[in-house]
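What follows is a set of notes on a single structure, which appears directly below.
This one's a predicted model, so the numbers in the text were calculated from it and none came from an experiment. Excluded from the calculations below are hydrogen atoms, water molecules and symmetry mates; all remaining heavy atoms, backbone and side chain alike, are included.
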Protein chains: 2
Amino acid sequence: MTARCMVDVDDEKLERGARCIKMLAHPLRLKILMVIGTGEVPVSGILEAIGTSQSNVSQHLGQMRDKGILIARRDANQVFYRVREPKVFELLALVRELFCEPGGAGR
Amino acid sequence: MTARCMVDVDDEKLERGARCIKMLAHPLRLKILMVIGTGEVPVSGILEAIGTSQSNVSQHLGQMRDKGILIARRDANQVFYRVREPKVFELLALVRELFCEPGGAGR
DNA sequence: ACTTATAATAAGAATATTCTTATATTCAAA
DNA sequence: TTTGAATATAAGAATATTCTTATTATAAGT
C-alpha cells in the first residue's frame, strides 16, 4: 500500500517526468525562471539579469521552450518569453521550502 | 517587479536548489520514491520493485541519502529507507500535474 | 541592397552522470 | 571464526549535459 503518489506510472511516464524535472535542475534555468517570473520578458532583459553568454542563455531558453515550460512570442526583432504554467512557481516554492530552508533536506 | 518567487536567491542557493532538484530528475529515483512512498522499505523490497542491478539501486539510494531526501535505518542486516520529508510527494504531485497531464507541459 | 540589433543554431571540447563489473563491508547464524 | 545474506563502495567505460566559439537567421532602419 505504498507508493501512492505516482503509483501505476509506467516507465515511459517516469522518463517523461524525469526529463521535465531535469529542465528545472540547473541553476541558470532556475534563475531564468525567477527573472521571467509571472511577466513577459525579452531575451535582452534576461541576458542583462543573468551572468552568462548570449548563446548560453539562448540555449537554456530553447530547452525550456521545447519542453513546454516557456512560451516565446516574437515582436519585431525582440523575442519575449513567459512561463506557460504558473504552477511552476508553486513547484519552485516547494523546492525552496524543502531544500533551502533551515531544517530542510538540501546538502 | 518580476521574479517574485525566489527573488534575492544568491547563486549559491541556486546551485543548491538545482543540485537537489537533480536528485528527483531521474526515472529510477522517481520510481524509488514512489515505491518507498510514505512507508519504510528495506533495500531488498526496493530491489524487487525496480528493474535494475543491486549496485545501481544502492548508488541511487546513496545519492538521495546524501542529499537528505531519504533516511536510512539499519536493523540487523537489513537497511530500511524512508522519505525524510513528505512534502516531496506534494512536489511529485505537482510535477505530475504539470508534466504528465493532458494539456500540461512535458514533451 | 546594406547594416545593425536581436536571437538562434552548429560543432565540439570540457565536464558530469549513469551504469556495469568487481570487490568490500556489516551483521547474524551456524 | 567461517559462512551467507544484505548492502555499500570503487573504478571505469558509456553516455549525456554544459558551455564556448563561430556562424546563421530574422527583422528594422538606412
Side-chain angles (χ1 to χ4, degrees), chain A residues 11 14-33 35-36 39-83 106-107, chain B residues 11 14-33 35-36 39-83 106-107:
Chain A
D11 286 0
L14 285 174
E15 300 264 1
R16 181 141 62 107
R19 242 180 294 124
C20 292
I21 295 176
K22 216 171 277 183
M23 282 305 98
L24 308 179
H26 190 285
L28 284 184
R29 289 194 293 271
L30 286 180
K31 198 166 180 180
I32 288 172
L33 288 173
V35 167
I36 298 178
E40 200 190 36
V41 181
V43 176
S44 58
I46 298 171
L47 259 173
E48 229 172 76
I50 307 234
T52 184
S53 68
Q54 180 269 320
S55 168
N56 195 15
V57 165
S58 182
Q59 286 175 79
H60 284 299
L61 288 171
Q63 286 185 59
M64 293 197 278
R65 179 169 29 74
D66 292 347
K67 291 289 183 303
I69 291 170
L70 296 181
I71 290 180
R73 176 179 68 84
R74 172 150 228 148
D75 181 16
N77 63 355
Q78 282 195 306
V79 176
F80 291 80
Y81 278 87
R82 66 188 171 83
V83 175
R107 283 305 99 77
Chain B
D11 287 358
L14 286 174
E15 300 265 2
R16 181 141 64 107
R19 244 180 290 124
C20 291
I21 296 177
K22 216 172 276 184
M23 281 305 97
L24 308 179
H26 189 284
L28 284 184
R29 289 195 292 271
L30 286 179
K31 197 166 182 181
I32 287 172
L33 288 173
V35 167
I36 297 179
E40 199 191 36
V41 182
V43 176
S44 58
I46 298 170
L47 260 172
E48 232 172 71
I50 307 234
T52 184
S53 68
Q54 180 267 319
S55 168
N56 196 13
V57 166
S58 183
Q59 285 174 82
H60 284 300
L61 288 172
Q63 285 185 61
M64 292 197 278
R65 180 167 30 74
D66 292 348
K67 290 290 183 302
I69 291 171
L70 297 180
I71 290 179
R73 175 179 68 84
R74 173 150 228 146
D75 181 15
N77 62 354
Q78 281 196 309
V79 175
F80 292 80
Y81 279 87
R82 67 189 171 80
V83 174
R107 284 304 100 77

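- Under 4.0 angstrom from either OP1 or OP2 of C/dC19 there lies no side-chain N or O belonging to B/R29.
- One atom, CZ of A/R73, and another, C1' of D/dA27, lie 15 Å apart when rounded to the nearest Å.
- Side-chain atoms of A/Q63 and base atoms of D/dT17 include no donor and acceptor less than 3.5 Å apart.
- Going from atom CG of A/D75 over to atom C1' of C/dA7 covers 14 Å, rounded to whole Å.
- Across the protein-nucleic acid pair, A/L61 atom CG and D/dA25 atom P stand 20 Å apart, rounded to whole Å.
- A/H60 has no side-chain polar atom (N or O) that falls below the 4.0 Å cut-off from OP1 or OP2 of D/dT17.
- Comparing D/dA28, C/dC27, C/dT9 by their closest approach to the side chain of A/A76 singles out D/dA28.
- Side chain of B/R74 to backbone of B/A76: a donor-acceptor contact under 3.5 angstrom is found.
- Remark: B/H26 is in phosphate contact with C/dC19, judged by side-chain N or O atoms under 4.0 Å from OP1 or OP2.
- One can find a donor-acceptor pair under 3.5 Å joining the base of C/dT21 and the side-chain atoms of B/S55.
- Taking for each of B/A72 and A/R74 the nucleotide of DNA chain D with the nearest heavy atom, the 5'-most of the two is the partner of B/A72.
- Side chains of A/I21 and B/L30 form a contact here, defined as non-hydrogen atoms less than 4.5 Å apart.
- Proximity of A/L28 to A/V57: side-chain heavy atoms (C-beta onward) are nowhere separated by under 4.5 Å.
- The backbone N or O of A/K67 lies less than 3.5 Å from no partner atom in the side chain of A/R65, so there is not a single donor-acceptor pair.
- When rounded to the nearest whole Å, the span between CD of A/Q59 and P of C/dT6 equals 20 Å.
- Taking atom CD of residue B/Q78 and atom C1' of nucleotide D/dA6, one finds them 7 Å apart after rounding to whole Å.
- The side-chain heavy atoms of B/I69 and B/R29, taken from C-beta on, include no pair separated by under 4.5 Å.
- By the 4.5 Å heavy-atom criterion applied to side chains, B/D11 and A/K31 are counted as neighbours.
- Contact of B/Q54 with D/dA6 (side chain to base): no donor-acceptor pair of N or O atoms is detected under 3.5 Å.
- Taking atom CG of residue A/N77 and atom P of nucleotide C/dA8, one finds them 12 Å apart after rounding to whole Å.
- Listed by residue number, the members of residues 44-53 of chain A with any heavy atom below 4.0 angstrom from DNA chain C are A/S44.
- A/N56 places its CG atom 13 Å from the C1' atom of C/dA14, with the value rounded to the nearest Å.
- Here A/Y81 lies in heavy-atom contact (under 4.0 Å) with sugar-phosphate atoms only.
- At a threshold of 4.5 Å between non-hydrogen side-chain atoms, the residues A/R73 and A/D75 count as touching.
- Taking atom CZ of B/R19 as the reference point, atom C1' of C/dA16 lies 13 Å away to the nearest angstrom.
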